[in-house]
4 protein chains.
Amino acid sequence: MPKITETKREERRQQILDAALRCFSRDGFHATTTADIVRESGLSQGALYLYFATKDDIVVALADDRHQGEVFLNALAKSEQDPVQGLLLLIELYGRGLTDQRRIEMRRVGIQGWAEALRNPRIHDSVLQGFSSVRAAIAELIRRGQATGQIRPDVEPDAAARTMIAVFQGLVLQLAWGEDMDLAACGTLIRGMIRNTLFTDAVRAAESA
Amino acid sequence: MPKITETKREERRQQILDAALRCFSRDGFHATTTADIVRESGLSQGALYLYFATKDDIVVALADDRHQGEVFLNALAKSEQDPVQGLLLLIELYGRGLTDQRRIEMRRVGIQGWAEALRNPRIHDSVLQGFSSVRAAIAELIRRGQATGQIRPDVEPDAAARTMIAVFQGLVLQLAWGEDMDLAACGTLIRGMIRNTLFTDAVRAAESA
Amino acid sequence: MPKITETKREERRQQILDAALRCFSRDGFHATTTADIVRESGLSQGALYLYFATKDDIVVALADDRHQGEVFLNALAKSEQDPVQGLLLLIELYGRGLTDQRRIEMRRVGIQGWAEALRNPRIHDSVLQGFSSVRAAIAELIRRGQATGQIRPDVEPDAAARTMIAVFQGLVLQLAWGEDMDLAACGTLIRGMIRNTLFTDAVRAAESA
Amino acid sequence: MPKITETKREERRQQILDAALRCFSRDGFHATTTADIVRESGLSQGALYLYFATKDDIVVALADDRHQGEVFLNALAKSEQDPVQGLLLLIELYGRGLTDQRRIEMRRVGIQGWAEALRNPRIHDSVLQGFSSVRAAIAELIRRGQATGQIRPDVEPDAAARTMIAVFQGLVLQLAWGEDMDLAACGTLIRGMIRNTLFTDAVRAAESA
DNA sequence: TATGAATGAGACTTCATTCAT
DNA sequence: AATGAATGAAGTCTCATTCAT
């Protein structure tokens with residue numbers, strides 16, 4: 001029976017992860033020292049190791065945490081009765097996420113995770129798991145749309161899902177670089193691309209109406 | 001007055017960069033030690049510092065090197081008389097580059113450069129310079145296409161350019177992660193998106209013919 | 001006024017010492033952490049410090065504990081009327097102790113104490129006190145034997161005592177190393193050496209009879 | 001081709017081992033820090049790791065070094081034509097070694113090696129190898145002595161060798177503890193024991209003559 | 001120019017001990 | 001008395017960079 005409650009424990013853990021997120025966002029995984037995280041979190045050097053066995057575990061925990069949001073969005077989209085509306089909802093939500101100022105740090109760390117995934121197997125697994133769940137959710141929506149005749153049958157669901165995600169990945173990257181871009185115009189363009197390329201003429205006609 | 005010829009010097013420099021590329025691709029910038037590069041290059045520890053003042057300079061030099069190819073592609077696309085053909089050529093060339101097995105290491109290092117650009121100003125400048133030149137080249141083609149009436153006037157050239165690049169960035173990333181994907185299907189989809197969304201009906205009709 | 005009885009307190013203390021003995025035997029003093037002892041004893045980290053002020057005190061307490069057995073053996077030997085029989089009894093008892101499987105851990109820790117005594121004054125005092133008491137007991141027996149004419153007068157009691165103890169120290173060491181040795185043969189040899197070198201011809205003749 | 005000669009390299013290595021010996025003798029293996037060794041050796045922290053991969057390697061190297069002398073003594077004893085003279089020579093040499101003031105530190109470290117051998121397999125192997133070679137050399141001398149009729153046939157060579165070594169181990173220990181002992185008396189006693197117990201009457205008679 | 005040994009600051013992690021509950 | 005979370009000093013080892021040869 002732990003002396004501190006599970007809630008308190010989770011709170012401390014989050015405190016460390018928050019501090020780490022800020023540090024990693026600013027300096028990157030490797031240039032961030034455990035001392036930095038300690039300083040940022042207000043805990044002691046030793047306390048860090050009561051919650052995470054190694055610095056690497058903190059990185060992995062952050063990568064794993066990122067899935068939570070994605071899982072939620074996927075579930076939301078899948079719950080839509082109409083697959084086409086589900087797709088548009090997903091685009092809408094991810095697009096809105098792009099501009100959320102509170103997630104700047106998460107996105108910056110996410111990008112570092114992409115790079116880290118190339119050489120750190122644990123990060124690779126974590127990042128790929130998140131990616132795959134989104135890809136599968138989108139592909140599933142597309143398949144359902146094809147079944148209902150709303151989405152063109154010649155569209156390859158998996159390739160389309162990957163391509164859609166790719167656009168967002170690229171935009172996340174460009175935004176993180178501090179590029180001053182017209183996100184609204186990009187959004188319009190992307191929605192146009194999806195409509196023009198995935199949806200059948202009947203759906204497009206109905207939408208215009 | 002250097003005792004070795006400029007040619008010889010450039011040769012050594014390249015030898016170091018080649019070794020660094022292999023190391024960085026395998027282990028990342030930070031996990032690669034100068035000793036690793038020395039071992040991989042066959043030079044001596046001291047020799048490294050005759051050609052690069054710091055390890056960071058090697059990273060920057062590699063980032064700068066990456067532009068060479070992009071500059072060439074952009075020039076090629078711009079030299080096309082017909083902007084629509086120029087755009088399609090660019091897509092074709094970049095798409096082909098995706099599958100070039102000889103550039104696996106460069107792409108892996110490139111992704112690390114994306115992340116590094118978030119915190120290292122010199123890398124940021126280098127990466128952004130390359131990115132901006134491509135973006136400008138594409139936007140310019142789009143503007144020319146709008147002038148000739150081949151590309152829809154409501155398309156925002158810069159946003160479109162960014163979005164097109166974003167797709168490729170995302171695909172590069174997914175490929176580097178080792179994903180087994182149907183690149184041909186992605187290519188078809190992307191070309192379809194471009195045609196459906198950027199080109200005017202007249203151009204699309206002419207193409208179909 | 002302590003809330004727990006003195007008996008209970010002593011019980012806990014012994015519980016810690018037992019755990020420490022197992023840990024020290026396995027890993028040595030220095031590689032054993034207080035956390036190891038806590039884990040092995042089933043107590044809590046804080047409880048340890050209710051019974052011992054420092055880790056060092058545990059080591060010292062274990063060293064002190066070792067004397068108990070020796071004190072008993074010495075007393076037993078001294079109580080013998082016949083010094084020669086006392087000597088032989090001592091050899092017999094110590095020799096039997098060598099093969100006692102229940103004391104493997106004590107012997108291993110004892111050897112570590114020998115080394116620790118070289119640098120830790122408290123251990124030095126503890127170990128030396130135990131050693132000296134045995135040495136004095138043996139020397140005393142020898143002196144008594146010389147007084148009765150059973151032991152050769154040219155034997156130096158203290159040197160003989162040290163030498164006898166030395167043999168056992170060496171054998172303890174070799175045994176602890178896991179050496180597979182013929183202890184019976186060693187015993188025969190040692191008894192032979194004692195007889196041949198310490199005892200007068202009269203005693204030897206009497207024994208043979 | 002190393003820049004520094006093999007001689008110079010060996011010199012530095014020895015410089016570190018000498019410093020380590022002093023530190024280990026004074027503070028023990030575990031209480032000695034690499035910083036201590038660095039300070040004592042006059043080298044830099046990094047230099048240490050050019051010659052030894054880990055602190056543990058230094059400990060092992062010191063343990064291994066100890067064999068050199070033993071190998072020499074064994075060879076010397078074996079080269080004796082007369083096994084009995086060989087045995088007495090060995091006792092003489094080891095006994096003299098006991099009082100060599102220059103080897104105080106080596107003996108102190110050696111004792112720590114005994115303890116360390118109980119838990120560190122590399123040290124165990126190193127220490128046991130040294131021990132075994134001496135034991136084998138003595139047992140071989142005894143066997144040769146039995147073949148020539150100089151040593152009693154009922155003596156178990158291996159047990160006798162172990163017992164002889166045991167005496168020296170115990171005396172080394174007692175000396176290291178700082179005990180003020182009459183080594184000459186011990187020597188006389190030991191020689192007496194060997195003569196009285198191992199040698200046949202013929203040999204003893206010849207010696208007395 | 002070229003070598004590679006040397007440097008030393010600093011990183012991660014452990015652990016004896018304390019203290020609020 | 002008892003708990004176990006918290007502390008922070010200290011230890012081992014790495015590595016970018018320098019410098020004598």
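Treat the numbers as computed from the prediction; the structure is a model and nothing was measured. Chain identifiers are assigned alphabetically (A, B, ...) following the order of the sequence lines, protein sequences preceding nucleic acid strands; residue numbering begins at 1 within each chain. Atom set for the values below is all heavy atoms of this structure, side chains included, hydrogens, waters and symmetry mates excluded.
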Colleague: Taking only heavy atoms on the protein side, list every residue of residues 8-19 of chain D lying under 4.0 Å from any atom of DNA chain E, sorted numerically.
Modeller: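 Close to the strand are D:Arg12.
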Colleague: Kindly say whether D:Ser41 contributes a backbone atom to a donor-acceptor pair with the side chain of D:Gln15 at under 3.5 angstrom?
Modeller: yes
Colleague: Map every base of DNA chain F to its dot-bracket character, where paired means a Watson-Crick or G-U wobble contact with both distances under 3.5 Å and | marks a partner outside the strand.
Modeller: .||||||||||||||||||||
Colleague: Does a side-chain N-to-carboxylate-O contact under 4.0 Å join A:Glu6 and A:Arg13?
Modeller: no
Colleague: Report yes or no: does A:Trp114 contribute a side-chain atom to a donor-acceptor pair with the main-chain N or O of B:Trp177 at less than 3.5 Å?
Modeller: no
Colleague: Nearest-Å distance, CG (A:Leu43) to P (E:dC12)?
Modeller: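 In whole Å, E:dC12 P and A:Leu43 CG are 16 Å from each other.
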Colleague: Would you mind reading off the distance between B:Ile37 atom CD1 and F:dC15 atom P, rounded to a whole angstrom?
Modeller: 12 Å
Colleague: Are any of the side-chain nitrogens in D:Arg26 or D:Asp36 under 4.0 Å away from the carboxylate oxygens of its partner?
Modeller: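 No.
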Colleague: Does E:dT1 have OP1 or OP2 under 4.0 Å away from a side-chain N or O of B:Tyr51?
Modeller: no
Colleague: Scan D:Gln45, D:Arg39, D:Lys55 and name whichever one has a side-chain hydrogen bond (donor to acceptor under 3.5 Å, both in side chains) with D:Thr34.
Modeller: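 For D:Thr34, the side-chain hydrogen bond (donor to acceptor under 3.5 Å, both in side chains) check succeeds only for D:Gln45.
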Colleague: Looking only at atom types and distance, does a side-chain atom of D:Arg122 sit under 3.5 Å from a main-chain N or O of D:Val60, one as donor and one as acceptor?
Modeller: no
Colleague: Output one letter per nucleotide in nucleotides 14-21 of chain E: B when a protein non-hydrogen atom lies under 4.0 Å from the base, S when only the sugar-phosphate is that close, - when neither is.
Modeller: BSBBB-BB
Colleague: Any sub-3.5 Å donor-acceptor pair from C:Thr32's side-chain atoms to C:Cys23's backbone N or O?
Modeller: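 The answer is yes, because a donor-acceptor pair under 3.5 Å joins these two groups.
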Colleague: Give the rounded distance in Å between these two atoms: CZ of D:Phe52 and P of F:dT12.
Modeller: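 The answer, rounded to whole Å, is 15 Å.
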Colleague: Hey, does the side chain of A:Arg108 reach the backbone of B:Leu118 with a donor-acceptor pair shorter than 3.5 angstrom?
Modeller: yes
Colleague: Would you say D:His30 and D:Glu116 are linked by a side-chain donor-acceptor pair, where the criterion is simply a distance under 3.5 Å?
Modeller: yes
Colleague: Can B:Arg22 and B:Asp18 be said to form a side chain to side chain contact (heavy atoms under 4.5 Å, CB included), step by step?
Modeller: CA-CA 6 Å; B:Arg22 287 193 294 275; B:Asp18 287 348; 4.0 Å; yes
Colleague: Please report, rounded to the nearest Å, how far the P atom of F:dG4 is from the CG atom of C:Leu50.
Modeller: 13 Å
Colleague: In terms of heavy-atom contacts, does CZ of B:Arg103 have more than 12 from other residues, nucleotides or ligands at under 6.0 Å?
Modeller: no
